[in-house]
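Following: one structure in C-alpha cells, then a few remarks.
Computed over heavy atoms, backbone and side chain alike; hydrogens, waters and symmetry mates excluded. Both counts, for ligands and for their atoms, begin at 1 and track the order of listing.
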Amino acid sequence: MIELKTQEELEIMREAGRITAMTLDMVEENIEAGLTTGQLDMLVEDFIRSHGAIPAFKNYQGYPASACISIDSEVVHGIPGKRVIKEGQIVSVDIGAIVNNYYGDSARTFAIGEVSEDKQRLMEVTQEALSAAIDKARKGNRLGQVSSTVQRIAEEAGFGVVRQLVGHGIGRKMHEEPQVPNFGSPNDGPVLQVGMVLAIEPMINLGTYDVKTMPDGWTIVTADGAPSAHFEHTVAITDNGPRILTTA
Ligand code: MF3
Ligand code: CO
C-alpha cells in the first residue's frame, strides 16, 4: 500500500526536507581536501541536531553514522571514518533528517577541486537525470515514466544505471512503498497520485551498472572500479505538479 500524505503531513515533511537541504548546503561550504569523512559526519550530525531534527541514518538498521559519504568508485552507503578527502575526487554525501517523526532524504555529489572531465560529465548527467525524472513526478503519470527517464538520459550518455539499489516512497518511515527504480519501461509501476512522496535517487556509473558490497556490510562499490555519482531529492506529487521538499 502506498501511503498518501495530507497537506499537514506535507508541511512537516517540508520542514524535514528544508533542514536536510540546509545541511547539504553546509556540507557544500565545508567540504574540502584534507578533511576526513569522519570530521564531515560530525559537522552533519551537529548541524541536524542544532536545528532541532534527528539524523535519520544514525542507528538505522545498525548504520553507525549520520551521513553516508561515498568517494569515487563507492556508489552509496560509504561509512565515514579516518579517510581523508583528496583533490580530484567526487564525493557523494547522503543525508536524512527526522522532524516530528517524518523523514527528509537527499544526496548530492561534490567535486573536490579540479576533477577529470569524465567525472565532471558523470555528475552533470546524473543531476540532469534527476531533474528530468522529477519533472515526470506528476499525477496521472506512471512511476515508470520517472524511472525510464533516468535510464534514458544516463544510457544516452553512455553510463551504467545501478539496478541493485532503488529510490523509495518516504514518510513516517524512511523506506515506504513504492520502490523507485532508475530503469524500466514507461508503462511500469503504479499511477502517481496526489499525496505520494518519493525519494528519487539516480546512482549512475561511469562504467558498467554492476555493483558489489564491501566486507563492512554497507559500502556499495562499482564492480569495475569506475567512478559513480548519486543525487537524491524527496519529492511530493501535488495538484500543481512535483514539489521538491528537500530545498533550503
Ligand atoms: N538515502 C539512503 C536510502 O535511501 C539512505 C539510507 S542509508 C542508511 O536508502 F545508512 F541509513 F541505511
Ligand atoms: Co533515499
Side-chain angles (χ1 to χ4, degrees), residues 2-3 5 13-14 16-24 27 37-38 40-42 44-45 48-49 53-71 74-81 83 91-99 101-110 126-127 129-131 133-134 137 143 146-147 150 161-183 196-204 211 213-221 228-237 242 244-247:
I2 301 174
E3 300 232 10
K5 278 77 183 179
M13 293 191 73
R14 169 72 186 113
R18 196 178 68 86
I19 292 171
T20 303
M22 285 167 56
T23 310
L24 283 170
V27 168
T37 55
L40 194 55
D41 183 65
M42 280 177 48
V44 165
E45 176 161 4
I48 293 173
R49 292 195 193 282
I54 298 169
F57 300 172
K58 192 129 199 191
N59 302 319
Y60 178 83
Q61 294 184 359
Y63 187 75
S66 297
C68 297
I69 304 179
S70 311
I71 300 178
E74 296 172 354
V75 180
V76 287
H77 303 169
I79 301 175
R83 191 156 170 208
V91 182
S92 152
V93 180
D94 190 349
I95 282 164
I98 308 171
V99 171
N101 300 316
Y102 287 85
Y103 285 74
D105 188 1
S106 187
R108 298 179 202 164
T109 301
F110 302 100
T126 306
Q127 203 166 5
L130 174 57
S131 298
I134 289 172
L143 182 61
V146 173
S147 305
V150 173
V161 177
V162 174
R163 284 155 170 66
Q164 281 147 272
L165 297 138
V166 296
H168 48 94
I170 179 168
R172 258 178 305 186
K173 287 187 286 182
M174 182 154 61
H175 297 129
E176 297 185 351
E177 287 185 64
Q179 293 198 353
V180 182
N182 294 302
F183 56 94
M196 289 182 181
V197 183
L198 306 174
I200 305 173
E201 49 179 321
M203 291 153 266
I204 308 297
V211 298
T213 307
M214 293 301 278
D216 64 21
W218 281 103
T219 312
I220 309 289
V221 299
S228 184
H230 177 216
F231 286 85
E232 176 177 22
H233 270 307
T234 300
V235 181
I237 316 299
I244 302 177
L245 300 178
T246 39
T247 60

Practice task
Could you tell me if the ring centre of Tyr60 sits under 6.0 Å from that of His175?
Solution key: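 Under 6.0 Å, so yes.
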Practice task
Give a yes or no on whether His168 keeps an N, O or S atom under 2.8 Å from the Co ion (ligand 2).
Solution key: yes
Handout entry: Metal check, the Co ion (ligand 2) vs Asp94 N/O/S, cut-off below 2.8 Å
Key = no
Please give the atom name: the N, O or S atom of [X] nearest to the Co ion (ligand 2).
X      : answer
Asp105 : OD2
Glu201 : OE2
Glu232 : OE2

Exercise for the section: Identify, for atom 1 (N) of ligand 1, the protein heavy atom at the shortest distance, and state residue, atom and that distance. Expected result: Asp94 OD2, 2.6 Å
Problem - Nearest non-hydrogen protein atom, atom 8 (C) of ligand 1 - result: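 Sorting protein heavy atoms by distance from atom 8 (C) of ligand 1 puts Tyr60 CD2, 4.0 Å first.
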Handout entry: Spacing of Glu74 atom CD and Trp218 atom CH2 [to the nearest 0.5 Å]
Key = 14.5 Å
Practice task
Walk me through it: do Tyr103 and His168 pass the test ring pair (Phe, Tyr, Trp, His ring centres under 6.0 Å)?
Solution key: CA-CA 12 Å; Tyr103 285 74; His168 48 94; 9.4 Å; no
Practice task
Check whether any side-chain N or O of Thr246 sits under 3.5 Å from a backbone N or O of Thr234 as a donor-acceptor pair, and report yes or no.
Solution key: yes
For ligand 1, which atoms, with element, lie under 4.0 Å from some heavy atom of [X]?
X      : answer
Glu232 : 1 (N), 4 (O)
Tyr63  : 10 (F)
Trp218 : 10 (F), 12 (F)
His168 : 3 (C), 4 (O)
Glu201 : 1 (N), 3 (C), 4 (O)

Handout entry: Check: Ile220 and Leu165 side chains under 4.5 Å, non-hydrogen atoms
Key =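 They are in contact (side-chain heavy atoms under 4.5 Å apart), so the answer is yes.
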Handout entry: Closest non-hydrogen atom pair, Phe57 against Asp105
Key =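 So the minimum-distance heavy-atom pair works out to CZ-OD1, 3.6 Å.
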Problem - Within reach of ligand 1, part of Cys68 (heavy-atom separation under 4.0 Å) - result: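 It is the side chain that gets close, since no backbone atom is under 4.0 Å.
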Practice task
Measure Phe57 to ligand 1 on non-hydrogen atoms and call it side chain, backbone, both or neither using the 4.0 Å cut-off.
Solution key: both
Exercise for the section: Report the member of Gln61, Met174, His175 with the shortest heavy-atom distance to atom 3 (C) of ligand 1. Expected result: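 Result: the heavy atom closest to atom 3 (C) of ligand 1 is in His175.
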Practice task
Any chance you could lay out the side-chain contact (heavy atoms from CB on, under 4.5 Å) test for Thr37 and Val91, step after step, and finish with the verdict?
Solution key: CA-CA 10 Å; Thr37 55; Val91 182; 5.7 Å; no
Exercise for the section: Step by step, work out the side-chain contact (heavy atoms from CB on, under 4.5 Å) result for Ile134 and His233. Expected result: CA-CA 8 Å; Ile134 289 172; His233 270 307; 3.9 Å; yes
Exercise for the section: Go through Leu40 and Val93 one step at a time and tell me if the side-chain contact (heavy atoms from CB on, under 4.5 Å) criterion holds. Expected result: CA-CA 9 Å; Leu40 194 55; Val93 180; 4.3 Å; yes
Problem - Row check, Phe183 ring normal vs Arg163 NZ/CZ: under 6.0 Å, within 45° - result: yes
